[in-house]
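Numbered from 1 within each chain, the chains take letters A, B, ... in sequence-line order.
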Number of protein chains: 2
Amino acid sequence: MIEEAYGRPIVTVDIVLLSLNEGELSVALLPRTSEPYMRSLALIGGYVHTDEDHTAEDAVHRILKAKAGVEGIFFEQLQTFASATRDPRDWSVSVAYFALVPREKLHGTADELMFRAADNLGALPFDHELIVKAALERVRGKGAYSTIPARLLPDEFTMSELQAIYQTVMGVRLDQSAFRRKVGELGLLEEIQGRKRQTKDARRPTALYRLKEPMSVFDRRL
Amino acid sequence: MIEEAYGRPIVTVDIVLLSLNEGELSVALLPRTSEPYMRSLALIGGYVHTDEDHTAEDAVHRILKAKAGVEGIFFEQLQTFASATRDPRDWSVSVAYFALVPREKLHGTADELMFRAADNLGALPFDHELIVKAALERVRGKGAYSTIPARLLPDEFTMSELQAIYQTVMGVRLDQSAFRRKVGELGLLEEIQGRKRQTKDARRPTALYRLKEPMSVFDRRL
DNA sequence: TCAATAGTGTCTTTCAGACACTATGGT
DNA sequence: ACCATAGTGTCTGAAAGACACTATTGA
């Protein structure tokens with residue numbers, strides 16, 4: 001069998017970086033700096049560098065740091081988009097990831113980075129709209145059964161903030177009592193002893209929590 | 001930005017083809033016909049042919065037909081495995097799929113095809129053990145919430161056969177009454193009117209059913 | 001003491017699991 | 001009539017949702 005008689009495709013990674021912007025779940029976009037679609041807003045992505053990236057995840061780390069200025073955030077493989085026509089240059093394979101970052105982690109980072117409300121972003125180049133759609137479905141679906149949405153919060157958060165994040169991500173109202181009961185039964189959080197307060201516009205101080213595990217999946221909805 | 005200064009990786013698809021063999025969930029393996037690992041049993045797979053495959057799914061169709069002799073069966077993208085070292089030849093991207101086929105569909109097809117019990121297959125080349133592990137987790141996990149396991153049965157089946165498949169895939173015993181109740185409430189099946197009987201070693205004839213939708217996902221377990 | 005959020009108690013409904021029951025028809 | 005499997009009815013306990021209640025403290 002003579003294989004390798006076929007041209008090798010382009011291999012890239014694309015990242016749907018999600019954060020909270022003005023209370024809305026939003027997608028990070030970056031103006032492209034090369035052809036095709038130069039200067040159009042597109043997903044964060046880039047070629048796999050076969051000399052320096054050992055795995056596709058390495059490429060994600062490298063690109064998140066170089067293009068978005070963030071490190072150490074949660075990401076997960078989403079789906080791979082592969083076809084002859086998704087990229088005008090050549091047969092192309094894009095291994096897509098989604099990532100979550102707390103708004104607080106983005107300060108003096110990439111200035112070019114734009115956040116656009118996930119449900120209302122304009123046209124995007126390539127098949128990036130499809131990729132975003134898949135990411136939102138995944139985050140909303142799996143979100144209800146995992147601690148994924150908590151990755152939009154800083155390491156320490158209040159119960160109310162956690163509930164608010166789940167409501168935003170899932171797009172439904174949750175009952176306070178049931179929410180606390182379930183979070184407690186699942187044993188996801190540890191209370192931060194001693195410190196409280198976290199003044200906002202509440203009078204009464206609130207307990208602070210952090211996740212026990214970086215990421216948990218369960219079989220009940222929150 | 002000068003891109004494309006990097007070598008392009010190899011791009012292949014690998015397929016975890018599952019069926020029922022002697023009552024056990026089993027994986028189809030094929031002896032490799034080329035180096036590396038020539039003659040070792042491995043997953044069904046092959047290069048993406050950039051000239052004839054328009055998408056990765058096209059490659060799956062082509063390879064399933066050519067190497068396993070099956071057409072028109074259910075498959076779904078699983079995960080992509082990409083690293084510098086998973087293939088000794090070069091930096092390699094494998095877009096992995098899992099597929100389900102009823103035992104009855106495999107007759108005069110590929111003679112070389114071997115079925116090995118999923119929980120007890122020996123060592124496999126490349127990272128194929130990892131791929132199989134991911135496929136089993138997916139099928140067992142998502143299986144409970146979808147009609148995926150029904151794709152191991154012929155188009156027409158009895159309620160008992162359906163229950164048995166779910167039990168085999170999920171590895172648990174299910175209550176007959178609850179199972180029928182839930183399947184009914186979800187409205188997954190349509191009864192085949194008129195015909196019954198389907199003699200086995202039962203005395204009483206049984207109703208036959210088929211799936212309404214090729215594939216459904218729900219949020220209750222069966 | 002009041003405003004505003006933190007946090008709890010409890011009722012009702014829904015659903016899963018267990019299990020016993022009835023139904024059918026070939027032998 | 002018997003028996004193996006088909007198919008149903010009903011009880012119990014767990015968990016979800018709704019909603020009202022109490023608690024705390026800064027202003």
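Residue pairs meeting the side chain to side chain donor-acceptor pair (under 3.5 Å) criterion with at least one member in residues 213-222 of chain B, sequence neighbours excluded, are B/Tyr145-B/Arg221, B/Glu185-B/Arg220. Residue pairs that meet the side chain to side chain donor-acceptor pair (under 3.5 Å) test with at least one member in residues 21-30 of chain B, sequence neighbours left out, do not exist here. Among residues at least two apart or in separate chains, salt bridge (charged side-chain N to carboxylate O under 4.0 Å, His left out) pairs with a member in residues 149-161 of chain B are B/Glu156-B/Arg195, B/Glu156-B/Arg210.
Within a heavy-atom distance below 4.0 Å of DNA chain D, the residues of residues 154-182 of chain B found are B/Ser160, B/Gln176, B/Ser177, B/Arg180.
The CZ atom of A/Arg220 sits 16 Å away from the P atom of C/dC15 (whole-angstrom rounding). Rounded to an integer number of Å, the gap from B/Arg204 CZ to C/dT27 P is 16 Å. C/dG26 atom C1' lies 7 Å from atom CZ of B/Arg203, rounded to whole Å.
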Trace of the side-chain hydrogen bond (donor to acceptor under 3.5 Å, both in side chains) decision for A/Thr80 with B/Thr80: CA-CA 7 Å; A/Thr80 294; B/Thr80 294; 2.5 Å; yes
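Residues satisfying the salt bridge (Lys or Arg N to Asp or Glu O under 4.0 Å) criterion with A/Lys105, sequence neighbours excluded, are absent altogether. For B/Arg204, the salt bridge (Lys or Arg N to Asp or Glu O under 4.0 Å) test picks out no residue, with sequence neighbours left out. With sequence neighbours left out, the salt bridge (Lys or Arg N to Asp or Glu O under 4.0 Å) criterion links A/Arg116 to no other residue. Under the side chain to side chain contact (heavy atoms under 4.5 Å, CB included) criterion, A/Ala134 pairs with A/Leu78, A/Gln79, A/Phe81, not counting sequence neighbours. Partners of A/Lys65 by salt bridge (Lys or Arg N to Asp or Glu O under 4.0 Å), not counting sequence neighbours, listed by chain and number: A/Glu71.
Between A/Arg221 and A/Pro205, the residue anchored closer to the 5' end of DNA chain D is A/Arg221, taking for each the nucleotide with the nearest heavy atom.
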Review item, side-chain donor-acceptor pairs of residues 122-129 of chain A, under 3.5 Å, at least two apart:
from, atom 1, to, atom 2, distance (Å)
A/Asp127, OD1, A/Arg86, NE, 3.2
A/Asp127, OD1, A/Arg86, NH2, 2.8
A/Asp127, OD2, A/Arg86, NE, 2.8
A/His128, ND1, A/Leu43, N, 3.2
A/Glu129, OE2, A/Leu124, N, 3.0

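Paired regions of DNA chain D, where each region holds three or more successive Watson-Crick or G-U pairs whose two hydrogen-bonding distances fall under 3.5 Å, are C:1-27 with D:1-27.
Chain B approaches DNA chain D over the interval D/dC3 to D/dG9, counting the first and last nucleotide 5' to 3' with an atom under 4.0 Å from its heavy atoms.
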